[in-house]
Each structure stands twice: as C-alpha cells, then as structure tokens.
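To keep things clear, I will list the structure first and then write my remarks on it.
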Amino acid sequence: MRKGRPKAALILTTEERHRLESLAHRSRSAAALARRARIVLACADGADSTVVARRLHVTPGTVCKWRGRFLATRLDGLYDEPRPGAKRTITDEQVEQVVIRTLETTPRGATHWSTREMAQAVGLSHMAISRIWHTFGLQPHRSETFKLSTDPQLVEKVRDIVGLYLDPPAHAAVFCVDEKPQIQALERTQPLLPLQPGQIERRTHDYTRHGTTTLFAALNAQTSEVITQFHQRHRSRQFREFLDLIEARVPRSLDVHIIMDNYGTHKTALIRNWFAKRPRFHVHYTPTYGSWLSLVERWFAELTMKRIRRGTFRSVPQLKAAIQDFIDAHQADPTPFVWTKSADAILASIARFAQRTVDARAAQPMSRTTVTGH
C-alpha cells in the first residue's frame with residue numbers, strides 16, 4: 001500500500017493560537033475567515049484532513065489549501081489576496097484633461113461646466129466626469145461669496161477680539177452687541193402645505209408685508225445668555241437706550257467689554273459721550289467687513305433659520321411674539337458658542353486667501369478661455 005508524502009508539522013505559537021481563536025469565535029469576523037481559522041486550529045490539534053473536512057463541512061482539498069497557506073505565510077495567508085479587478089478604461093492623461101478643462105476653461109455660452117457638457121467635450125460618460133470631479137473635490141455648480149477686510153488695523157483687531165474669546169479677563173463680562181434691522185412681518189398669500197411622508201414642506205414664494213421691527217441683542221460670550229430689546233428704528237438714540245439696558249443688567253462690580261461692528265450708529269457723538277462717562281465699559285470694534293468675528297451674528301443666524309425664515313406673520317406684534325418665544329427658549333438652556341481658532345490661524349488663513357485672489361487675478365486674463373465643447 002502506497003503512503004502519501006509526510007505532512008509538515010503545524011505548530012502554533014501562543015500568540016498565533018490566541019489570534020486564531022479570536023478570529024474563529026468573534027462575531028464580527030467574516031464567515032470565510034472564521035472557517036479558515038477553525039481549519040488551522042483543528043489541524044494544529046493533530047486531526048487528519050478528512051476528519052477536519054467532515055467536521056467543518058468542507059472538502060479535503062479546502063483543508064489542504066488553507067493548511068498549506070498557513071504554513072507558507074502564517075496568519076497573513078488566511079486573508080484574501082487583492083484581486084486585480086477590471087482594467088482601467090480611462091487613462092491618467094484623460095483625467096488630467098478633465099481637471100485642466102474644469103479649472104481653466106468654460107463652455108460656450110455658460111459660466112461653468114456641467115457633467116454632461118464636459119462628457120461631450122472630452123468623450124467620456126457623465127458618470128465618469130462626476131467620479132473625477134468627486135475625487136479631486138471639484139464642484140463647478142457651486143459658488144460662494146467672500147469679502148476681504150481692508151481695515152489697516154486688521155491684525156490688531158483680530159488679536160484683540162479673539163483674545164477676549166479664548167482668554168476672557170477676570171471680573172469682567174464680554175458682550176457681542178449688534179442689531180438685526182428691518183425684520184419683516186411677512187404673511188404668505190396662500191396656506192402652507194405641511195410636511196408629509198415623501199413630501200417636503202411647501203409654501204408660496206410671494207407674500208404680503210405687514211411692517212418691520214428691529215431687534216437689538218447683546219450676547220454674553222461666556223454664557224450665551226442674551227439681552228434683547230425691540231425698536232422700530234435703529235438710530236443712535238435707540239442704541240443708547242439699549243446700552244442703558246445692558247448697564248442695568250450687568251452687576252456694577254464687573255467691567256464690561258463690548259464687541260461691535262463699525263456701523264455709523266455705534267460711533268456717533270451721543271454714543272461716544274455715553275462710553276466716556278462710564279469707564280467700566282471697554283469698546284472693541286471688529287475689522288471692516290469683519291462682523292463674522294462677533295458671536296452675536298451666529299445667534300442672529302440661528303434666529304433667522306429656526307424662527308423667522310419659514311414663519312408667517314400677520315402683524316408686527318405677532319412677529320415680536322414669535323421672536324420672543326425663540327429668545328425665551330434660548331434663555332432656558334443657553335449653550336455657549338465655543339471659539340476654537342487662534343488669532344494666528346485666522347490671520348494665516350486670511351493671508352493664504354488673499355494670495356489666492358492675487359494669483360487668480362494675475363492668471364485670469366491668460367487662462368479662463370472659452371471653448372466650444374466639441
């Protein structure tokens with residue numbers, strides 16, 4: 001009777017056995033990988049290949065395959081080898097052509113490319129163009145606005161205000177103060193179609209105006225509590241009344257740091273005299289076109305998105321009541337806006353952005369050519 005070749009001994013180290021047992025019994029392991037681990041463990045215990053095959057409901061050939069793979073490359077041999085997949089049909093040169101056309105040209109009669117226009121121009125499918133744009137983070141259909149500050153004291157003001165956020169002074173309160181003028185009481189001309197399964201909320205695009213109001217707000221940068229006041233106008237006299245309210249609300253033992261923008265109402269003689277008579281008040285102006293440094297602007301955005309934009313109001317009192325409901329809900333559980341970016345990081349970002357605009361302006365006359373798309 002002929003005997004087969006003697007099998008190489010399968011001996012496991014303690015670490016390998018622990019790893020194999022983990023793979024064999026862990027619920028998150030892939031079923032195929034767990035089966036291979038059980039095959040190796042059974043073979044290491046001295047069981048014959050046919051016995052292992054019968055016990056684990058596989059063929060003897062499968063047992064021999066994974067036993068041999070483990071002996072050759074140990075644990076790495078149990079994992080599937082990477083498969084080549086289908087051959088590429090789009091070359092690197094075609095990808096480069098799509099990216100360059102997207103960045104440096106525009107189609108005839110349009111300001112930006114669409115996937116189908118680009119596909120027609122370069123001879124690829126629109127899904128291929130979409131994948132290339134996604135890979136390189138290109139979104140020609142989107143556009144945003146920006147405004148760089150021209151304030152000669154930009155650096156000093158950024159460092160001053162960010163310093164108040166990140167390291168507020170002791171025994172002082174920091175308030176971001178501004179007004180939201182001309183809030184309109186708008187009534188939709190037809191009833192609202194409410195949200196339903198499979199259908200978003202819908203409302204008419206036209207409306208009837210029922211007057212306006214102005215909201216003055218002072219946001220405590222540390223606690224997010226707000227001091228508010230309604231006025232019909234937003235001149236210096238109304239702003240002074242609001243400052244009187246802030247003074248009455250803040251304990252006299254605290255200094256008050258006011259962060260506000262460069263709106264003309266904030267700099268009249270009436271307001272300058274008011275601050276001059278109150279030495280515990282310290283004013284910090286945001287840079288020109290830099291009102292984003294004031295946290296109260298973020299609070300106004302919340303008010304607009306959550307209560308005003310989708311509301312319908314038949315009168316100014318109804319509008320004020322809705323805004324007051326939002327204020328009361330915020331005051332019941334104020335969550336501070338946490339400022340995380342340092343002044344150096346902000347200034348470095350502005351410098352990079354400014355350099356990009358300079359480079360783009362210099363390159364624009366030579367590059368942004370128009371092509372026919374054929």
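- Crowding of Gln232 atom CD: a count of heavy atoms from other residues, nucleotides or ligands under 6.0 Å exceeding 12.
- In summary, of the residues considered (Arg249, Glu241, Glu247), a side chain to side chain contact (heavy atoms under 4.5 Å, CB included) with Leu245 occurs for Arg249 alone.
- Of all non-hydrogen atoms in Arg35 and Val58, the two that sit nearest each other are CD-CG1, 3.5 Å.
- Here the two rings, on Phe326 and Trp299, have centers that are under 6.0 Å apart.
- Asn262 contributes a side-chain N or O that, together with a main-chain N or O of Thr286, makes up a donor-acceptor pair within less than 3.5 Å.
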Step-by-step side chain to side chain donor-acceptor pair (under 3.5 Å) determination, Arg233 to Gln238: CA-CA 7 Å; Arg233 310 182 76 170; Gln238 287 78 28; 5.9 Å; no
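- Between Arg298 and Glu302 there is a salt bridge, with a side-chain nitrogen of the basic residue lying less than 4.0 Å from a carboxylate oxygen of the acidic one.
- Around the CZ atom of Arg116, the shell of radius 6.0 Å holds no more than 12 heavy atoms that belong to other residues, nucleotides or ligands.
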Residues Lys180, Thr304; criterion side chain to side chain donor-acceptor pair (under 3.5 Å); working and verdict: CA-CA 10 Å; Lys180 186 173 179 63; Thr304 301; 3.1 Å; yes
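- Taking the six-membered ring for Trp and the full ring otherwise, the centers of Phe239 and His266 sit less than 6.0 Å from each other.
- The heavy-atom pair separating Leu254 from Ala172 by the smallest distance is CD2-N, 3.9 Å.
- The pair Asp344-Arg159 meets the salt-bridge criterion, with a side-chain N (NZ, NE, NH1 or NH2) lying under 4.0 Å from an Asp/Glu carboxylate O.
- Around CZ of Arg74, the count of heavy atoms belonging to other residues, nucleotides or ligands within 6.0 Å exceeds 12.
- With respect to Asp151 and Lys157, a salt bridge is recorded, a charged nitrogen being found less than 4.0 Å from a carboxylate O.
- Separation of the His141 and His112 ring centroids does not fall under the 6.0 Å cut-off.
- Checking side-chain atoms of Ser349 against main-chain N and O of Ala345 turns up no donor-acceptor pair under 3.5 Å.
- Formation of a donor-acceptor pair under 3.5 Å by the Gln331 side chain with backbone atoms of Val226 is found in this model.
- With Thr357 contributing its side chain and Ala354 its backbone, the two residues share a donor-acceptor pair below 3.5 Å.
- A salt bridge links Glu144 and Arg142; the closest N-O separation between the charged side-chain nitrogens and carboxylate oxygens is under 4.0 Å.
- At a threshold of 4.5 Å between side-chain heavy atoms, the hydrophobic network of Ile, Leu, Val, Met, Phe, Trp and Tyr places Trp133 and Ile90 in one connected group.
- Under the 6.0 Å cut-off for aromatic ring centres, Phe216 and His231 qualify, their centroids lying closer than that.
- Side-chain atoms of Thr312 come within 3.5 Å of backbone atoms of Arg188 as a donor-acceptor pair (strictly under, hydrogens ignored).
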